[in-house]
**Student:** 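To start, I am sharing the structure in question, which I have written as structure tokens.
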Amino acid sequence: MPTVDIDPDELRELTGHDEKGDEELTEDLFGLGLEFEGRTEEGTFELEFAPDRLDRLSVEGVARSLRYQYGDARGIHVPSPNSPDWTIAVDESVPDERPYVTGAVIRDVELDEDGLDSLIQLQEKLHATMGRKRAKGAIGIHDLTMLKGSPATEGNPTIEYVGLEPDEDRFVPLDSDAEMTPAEVLETHQTGQTYADLVSDYERYPAIYDDLGLFSFPPVINGRRTEVSTDSRDLFVEMTGTDQWTIDKMCNIVCYALAARGATIEEVRVDYADREIVRPDFSTKTKTVAHDRIETILGIGLDPDEVIDLAERSGLEAEREENDDGDLVYEVTIPPYRVDVLHPLDVIDDLGRAYGFNDLEPRYPDVGTVGGRHERSRLERATREQLVGLGFEDLLNFHMISEGENYDRLDISPGEDVYGAGEPATIKEPYSEDFTMLRTWVMPSLLMVLERNTHRAYPQNLAEIGFAAEVNESENTGVAEGRRVGAVLAHHDAGYEDAKARLQALARNFDVDLETPPTDHPTFISGRTAAVVIDGDEVGVIGEIHPKVLVEHDLEVPVSAFEFDLAALQ
């Protein structure tokens with residue numbers, strides 16, 4: 001889970017509650033869902049937070065949530081930005097891979113050392129989460145006084161977002177005293193080397209110019225000329241990315257954080273070839289939530305005034321209405337900085353936190369039932385016990401994975417006619433590039449565990465009974481879900497026979513017929529691979545892992561493995 005460092009003294013100052021001790025403050029933060037993980041060497045709180053609440057990536061955002069919790073703030077606050085003086089002109093030469101830009105001007109901000117540190121942390125945390133390590137969105141923050149805009153047609157100062165050849169121009173990047181071309185930045189600058197993969201395949205690199213020349217090379221690094229310091233009072237915020245919605249929401253979060261320090265927000269005009277937009281976009285959205293559903297989910301009775309009060313203490317606004325059936329519902333307005341409210345249940349979660357989950361009284365259900373283990377659970381438990389008895393160490397891995405880990409590193413492609421290569425069920429808006437889809441088989445997870453434990457002694461015999469899914473239009477949900485039994489044996493002489501002997505023992509213990517006819521699979525060595533056929537149905541694969549896959553995972557010992565569908569043992 002992501003963590004953020006928060007100075008408790010600064011948090012008390014921003015909330016206006018100097019009387020709060022550290023212990024009481026951590027309890028209040030826990031009520032927001034922020035868990036205290038300890039202190040850093042500098043004495044700041046290290047807080048773990050749910051990755052959906054990106055507005056809490058800074059001390060300003062956390063303070064805002066606490067003020068709502070304390071009742072010091074209510075409802076929605078939407079800044080009233082000044083009309084735009086600056087324009088970002090998007091040139092046709094901008095790379096197609098990164099076509100979108102947004103921005104804002106920040107006036108009269110007070111940035112001491114703590115404020116500047118908070119801004120830098122917010123920038124980097126947004127990069128790591130919503131920006132997907134700058135691949136989807138990258139933030140540039142500049143000292144406005146160091147910019148000189150070219151005169152625009154309407155009289156506004158203008159900067160240009162363009163594409164340029166790798167060696168077409170030069171600038172002095174941050175943390176450097178020498179002029180460099182963008183290509184040289186990628187080759188020799190530490191930050192450039194870190195993010196070179198984001199743009200190295202582009203024919204033209206993204207670049208932002210003012211009238212004095214190149215000052216930003218997104219998403220890699222800004223120029224030193226516009227570096228922000230504690231003396232900066234006016235800022236220019238620009239963000240580029242692959243998706244307009246993402247960078248607009250990132251911009252909103254930054255603007256709200258700076259507004260909390262007394263800054264005035266000023267709009268920026270963005271001129272595309274086919275349209276003109278004005279940013280930041282502080283428009284709100286609404287969700288309709290039924291009163292009955294609120295009471296059912298929270299398990300308490302509430303009158304309408306209480307619901308409206310809870311909404312306002314959550315930083316929302318609610319208006320009571322009746323739907324076409326005459327039922328009581330609420331039109332709940334969501335503030336511009338909230339990117340996590342996708343469903344009415346997200347609103348109900350906010351209401352429950354405002355009420356206080358610890359204040360909910362537990363009660364017995366109205367029906368009497370006798371608990372018992374589900375048949376599938378019995379099968380999993382029995383299979384797991386057999387695997388442990390056969391010498392395997394039981395694992396529990398994440399169900400989510402990346403396309404690269406699931407397919408590329410095991411030398412298969414989505415939709416290929418081999419076990420484990422089903423079409424992926426992907427996440428539309430993933431917060432991390434490491435978890436973009438549900439895994440289609442468990443073998444990638446087992447090999448990742450081996451990869452991370454090469455420093456440990458062998459043999460390493462690992463097994464997992466885990467969830468996997470793939471797109472299947474014949475299912476009602478469009479996704480076929482199932483449990484897989486996967487196992488790997490890693491030691492100096494691991495071979496096909498080792499894996500088959502254990503698979504045969506497992507089949508005997510469940511009284512099923514096992515056959516292993518030869519087959520081909522890119523993950524395994526040709527001629528040392530077989531299909532797993534149980535009671536006449538092909539349900540898996542067994543074999544020795546291919547050397548190419550072993551090298552990809554930095555494994556220096558042979559690995560044999562098998563995987564099949566758990567349901568085949570029933």
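For clarity, every value in this text was computed on a predicted model and none was experimentally measured.
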**Student:** By side-chain hydrogen bond (donor to acceptor under 3.5 Å, both in side chains), which residues pair with Tyr337, not counting sequence neighbours?
**Tutor:** none
**Student:** Between Glu451 and Arg409, does any side-chain N to carboxylate O distance fall below 4.0 Å?
**Tutor:** yes
**Student:** Can you check whether Leu32 reaches Leu66 side chain to side chain, under 4.5 Å on heavy atoms?
**Tutor:** yes
**Student:** Would the distance check show the side chain of Thr240 and the main-chain N or O of Pro218 forming a donor-acceptor pair, the cut-off being under 3.5 Å?
**Tutor:** no
**Student:** For side chain to side chain contact (heavy atoms under 4.5 Å, CB included), just list the numbers for Thr436 and Ile427, CA-CA rounded to whole Å, side-chain angles, deciding distance to a tenth of an Å, and then say yes or no.
**Tutor:** CA-CA 5 Å; Thr436 59; Ile427 309 303; 5.6 Å; no
**Student:** Strictly distance-based, threshold 3.5 Å: is any side-chain N or O of Asn453 a donor or acceptor partner for the main-chain N or O of Val449?
**Tutor:** yes
**Student:** Return yes when atom CD of Glu19 has more than 12 non-hydrogen atoms of other residues, nucleotides or ligands closer than 6.0 Å, and no otherwise.
**Tutor:** yes
**Student:** What is the ring orientation for Phe236 with His142, classed by angle as parallel under 30°, tilted 30 to 60°, or perpendicular over 60°?
**Tutor:** tilted
**Student:** Are Ser216 and Glu238 close enough that a side-chain donor and a side-chain acceptor fall under 3.5 Å?
**Tutor:** yes
**Student:** Decide yes or no on side chain to side chain contact (heavy atoms under 4.5 Å, CB included) for Met130 and Thr246, but give the supporting numbers first.
**Tutor:** CA-CA 7 Å; Met130 199 171 185; Thr246 298; 3.9 Å; yes
**Student:** Examine distances only and state if a side-chain atom of Glu266 and a backbone atom of Ala104 form a donor-acceptor pair shorter than 3.5 Å.
**Tutor:** no
**Student:** Which class fits the ring pair His399 and Phe467: parallel under 30°, tilted 30 to 60°, perpendicular over 60°?
**Tutor:** tilted
**Student:** Is a donor on one side and an acceptor on the other found under 3.5 Å between the side chain of Glu563 and the backbone of Met443?
**Tutor:** yes
**Student:** Are side-chain N/O atoms of Arg353 and Ser314 paired as donor and acceptor at under 3.5 Å?
**Tutor:** no
**Student:** Hey, are Asp143 and Ser232 close enough side-chain-wise for a donor-acceptor pair under 3.5 Å?
**Tutor:** yes
**Student:** Answer yes or no: does atom CG of Asn358 have more than 12 heavy-atom neighbours from other residues, nucleotides or ligands under 6.0 Å?
**Tutor:** no
**Student:** Can you check whether Val479 reaches Asn472 side chain to side chain, under 4.5 Å on heavy atoms?
**Tutor:** no
**Student:** Between the side chains of Asp18 and Lys20, is the shortest nitrogen-to-carboxylate-oxygen separation below 4.0 Å, so that they form an ion pair?
**Tutor:** no
**Student:** Are Phe36 and Phe30 close enough that their ring centres sit under 6.0 Å apart?
**Tutor:** no
**Student:** Salt-bridge test for Lys249 and Asp281: reply yes if a basic N is under 4.0 Å from a carboxylate O, no otherwise.
**Tutor:** no
**Student:** Any ring pair (Phe, Tyr, Trp, His ring centres under 6.0 Å) pairs touching residues 281-307, not counting sequence neighbours?
**Tutor:** Tyr256-Phe282, His291-Tyr330
**Student:** Does the side chain of Glu42 pick up a donor-acceptor pair with the side chain of Thr40 at under 3.5 Å?
**Tutor:** yes
**Student:** Is Asp350 paired with Arg338 through a side-chain N to carboxylate O contact shorter than 4.0 Å?
**Tutor:** yes
**Student:** Run the side-chain donor-acceptor check on residues 297-304: report pairs under 3.5 Å with partners two or more places apart or on a different chain.
**Tutor:**
from, atom 1, to, atom 2, distance (Å)
Asp303, OD1, Asp305, N, 3.1
Asp303, OD1, Glu306, N, 2.8

**Student:** Applying ring pair (Phe, Tyr, Trp, His ring centres under 6.0 Å) as the test, list every pair that has at least one member in residues 112-139; sequence neighbours left out.
**Tutor:** none
**Student:** Under 4.5 Å between any side-chain heavy atoms of Arg107 and Asp85, yes or no?
**Tutor:** yes
**Student:** For residues 108-123, which residue pairs pass the side-chain hydrogen bond (donor to acceptor under 3.5 Å, both in side chains) check, not counting sequence neighbours?
**Tutor:** Glu60-Ser118
**Student:** Flag the pair Asp565 and Arg483 as a salt bridge only when some basic side-chain nitrogen lies within less than 4.0 angstrom of an acidic carboxylate oxygen.
**Tutor:** no
**Student:** Determine whether the side chains of Thr191 and Asp175 contain a donor N or O and an acceptor N or O closer than 3.5 Å.
**Tutor:** no
**Student:** Using distance alone, with no hydrogens and no angle criterion, decide if Arg67 and Thr15 have a side-chain donor and acceptor under 3.5 Å apart.
**Tutor:** no
**Student:** Scan residues 56-76 for pairs that pass ring pair (Phe, Tyr, Trp, His ring centres under 6.0 Å), counting only residues two or more places apart or in two chains.
**Tutor:** His17-Tyr70
**Student:** Should the pair Glu317-Lys287 be classified as a salt bridge under the 4.0 Å nitrogen-to-oxygen rule?
**Tutor:** no
**Student:** Without hydrogens or angle criteria, can the side chains of Arg132 and Ser432 be said to hold a donor-acceptor pair below 3.5 Å?
**Tutor:** no
**Student:** Name the residue from Asp7, Asp22, Asp28 that meets the salt bridge (Lys or Arg N to Asp or Glu O under 4.0 Å) definition with Arg12.
**Tutor:** Asp22
**Student:** Look only at the side chain of Lys285 and the backbone of Val341, and say whether a donor-acceptor pair between them is shorter than 3.5 Å.
**Tutor:** yes
**Student:** Hey, is CZ on Phe398 packed in by over 12 heavy atoms from elsewhere, all under 6.0 Å?
**Tutor:** no
**Student:** With distance as the sole test, does Arg134 use its side chain to make a donor-acceptor pair with the main-chain N or O of Pro219 at under 3.5 Å?
**Tutor:** yes
